[in-house]
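Input: a single structure, listed below in structure tokens.
Quick caveat: nothing in here was measured; it's all calculated off a predicted structure.
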Amino acid sequence: ATQTVFELDCTGAGNVVSSDSAVVSIAPLPTVNLSGTTPVGVGQVSTLSWVSTGESCVGNNFSTGSGAPRGGAATVSQAMTTTYTVTCTDEFGQSVSASFDVVVLPGPTVTFTANPVSVQEGNPVVLTWNVTGASSCVASGDWTGSRSFVSGTQFVNPFEESLYTLTCFDIVGQSEEVEAIVTIAPEIDIFSADPVSINLGANGSSTLIWDSNHADACVGTGFSTGASNSVGPDSEEVSPTVTTTYSLTCTGPGGVPDTQ
């Protein structure tokens, strides 16, 4: 404490001097320190800690607890960046404050696309992604490994329906996962007639033969592929009486049908 001495001299009869003094002590302002965990994710907990030379401390935006102790810890959780303040008071009524910002990160944002989303077997597809607020990204599913946490493109050549997943993380462990599905367009492997030329009359027939890939159903024009719309390998005998064109259309989950 800082001390100041005040003196008083009094003179009376006969020039007699009487003196006295008084000492006044000035207490220093209390000190306080406030700290915490930052940054954190949305809804994650930050632990605030404070210590003071004062007698009692009260928090703003958080509670210092029963009795307003001059030292302690408290947990807080917010959806956005928040400033916390603690004010501590000493026995003389002097007060001092300290503030601390808990930064709340919103989490990564990821856009992820495949183009086109349906291709014939083995054809190229370009995967494109853009990321904000991340510190790392990992590929999984039908591609694997670390990827740029800012942006990127990659060509893939799927031979079957494929699922591409990209998961990005920020520095506090928050993540966003996005997916892109690429389907394989149906494709007719073979569609032929044997023989391609016949004679009218008895035994004047030809056998249509077909097979397909990545198809759910195949439907014939001018002939039947059966009750189940057979995708092949299969065959059907036909006996046209005039020159006839037969066609086959196969459909599947991959979008545009294939016709021959």
Going only through I, L, V, M, F, W and Y residues with side-chain contacts under 4.5 Å, is there a path from [X] to [Y]?
X: Val40; Y: Val42; result: yes
X: Val178; Y: Val156; result: yes
X: Leu34; Y: Val96; result: yes
X: Ile184; Y: Val125; result: yes
X: Leu208; Y: Val231; result: no

Spacing of [X] atom [atom1] and [Y] atom [atom2] [to the nearest 0.5 Å]:
X: Ser192; Y: Gln260; atom1: OG; atom2: CD; answer: 9.5 Å
X: Ser148; Y: Asn130; atom1: OG; atom2: CG; answer: 9.0 Å
X: Ile209; Y: Asp194; atom1: CD1; atom2: CG; answer: 5.5 Å
X: Glu187; Y: Asp211; atom1: CD; atom2: CG; answer: 11.0 Å
X: Asp90; Y: Leu29; atom1: CG; atom2: CG; answer: 7.5 Å
X: Leu127; Y: Thr153; atom1: CG; atom2: OG1; answer: 9.0 Å

Tell me which pairs pass disulfide bond (SG atoms under 2.5 Å apart) where either residue lies in residues 130-197, with sequence neighbours left out. Cys137-Cys168
With sequence neighbours excluded, give me every ring pair (Phe, Tyr, Trp, His ring centres under 6.0 Å) pair touching [range].
range: residues 23-49; result: none
range: residues 165-195; result: Phe191-Phe223
range: residues 70-129; result: Phe112-Trp143, Trp129-Trp143

Of all residues at least two apart in sequence or in a different chain, which pass the side chain to side chain donor-acceptor pair (under 3.5 Å) check with [X]?
X: Gln174; answer: Asp170
X: Ser230; answer: Asp234
X: Thr249; answer: Thr259
X: Ser46; answer: none

Any chance you could lay out the side-chain contact (heavy atoms from CB on, under 4.5 Å) test for Thr109 and Glu176, step after step, and finish with the verdict? CA-CA 7 Å; Thr109 300; Glu176 182 172 19; 4.3 Å; yes
Give the intermediate values and the outcome of side-chain hydrogen bond (donor to acceptor under 3.5 Å, both in side chains) for residues Ser212 and Asp189. CA-CA 5 Å; Ser212 66; Asp189 276 350; over 6 Å; no
Ile171: which other cluster members, linking ILVMFWY side chains closer than 4.5 Å, directly or transitively? Val103, Leu105, Val172
So which residues get pulled into Val196's cluster when ILVMFWY side chains under 4.5 Å apart are joined, directly or through others? none
Residue pair [X] / [Y]: nearest heavy atoms and the distance that separates them:
X: Thr85; Y: Ser99; value: OG1-OG, 2.9 Å
X: Thr251; Y: Pro257; value: CG2-CB, 3.5 Å
X: His214; Y: Ala185; value: CB-O, 3.9 Å
X: Val32; Y: Ala98; value: CG1-CB, 3.7 Å
X: Pro195; Y: Ser205; value: CD-O, 3.8 Å
X: Phe155; Y: Pro124; value: CD2-CB, 4.4 Å

Only one of Thr167, Val131, Thr132 passes side chain to side chain contact (heavy atoms under 4.5 Å, CB included) with Val110, and that residue is Val131
Testing Ile188, Leu248, Asn229 for side chain to side chain contact (heavy atoms under 4.5 Å, CB included) with Cys218, which one passes? Leu248
CD of Glu177: more than 12 outside heavy atoms within 6.0 angstrom? yes
Verify whether one side chain among [X] and [Y] offers a donor that lies under 3.5 Å from an acceptor in the other.
X: Thr89; Y: Ser95; result: no
X: Ser97; Y: Thr87; result: yes
X: Thr37; Y: Thr47; result: no

Exam field: side chain [X] to backbone [Y], donor-acceptor pair closer than 3.5 Å:
X: Thr82; Y: Val102; answer: no
X: Asn157; Y: Gly122; answer: yes
X: Arg70; Y: Gly54; answer: yes
X: Trp50; Y: Pro69; answer: yes

Would Val104 and Thr38 count as a side-chain contact (heavy atoms from CB on, under 4.5 Å) if you check the C-alpha gap in whole Å, the side-chain angles of each, and the deciding distance to 0.1 Å? CA-CA 8 Å; Val104 178; Thr38 191; over 6 Å; no
Output, in order, the C-alpha distance, side-chain angles, deciding distance and verdict of side-chain hydrogen bond (donor to acceptor under 3.5 Å, both in side chains) for Thr31 and Thr53. CA-CA 5 Å; Thr31 61; Thr53 58; 3.2 Å; yes
What residues form a side chain to side chain contact (heavy atoms under 4.5 Å, CB included) with Asp142, not counting sequence neighbours? Ser162, Leu163, Tyr164
Please examine the side chains of Glu237 and Ser206, heavy atoms only from C-beta on, and report whether any two atoms are closer than 4.5 Å. no
Dump the intermediate steps for side-chain contact (heavy atoms from CB on, under 4.5 Å) on Val86 and Val58, then the final yes or no. CA-CA 6 Å; Val86 63; Val58 176; over 6 Å; no
Between Tyr246 and Trp210, is the ring centroid distance below 6.0 Å? no
Mind checking what makes salt bridge (charged side-chain N to carboxylate O under 4.0 Å, His left out) contact with Glu121, not counting sequence neighbours? none
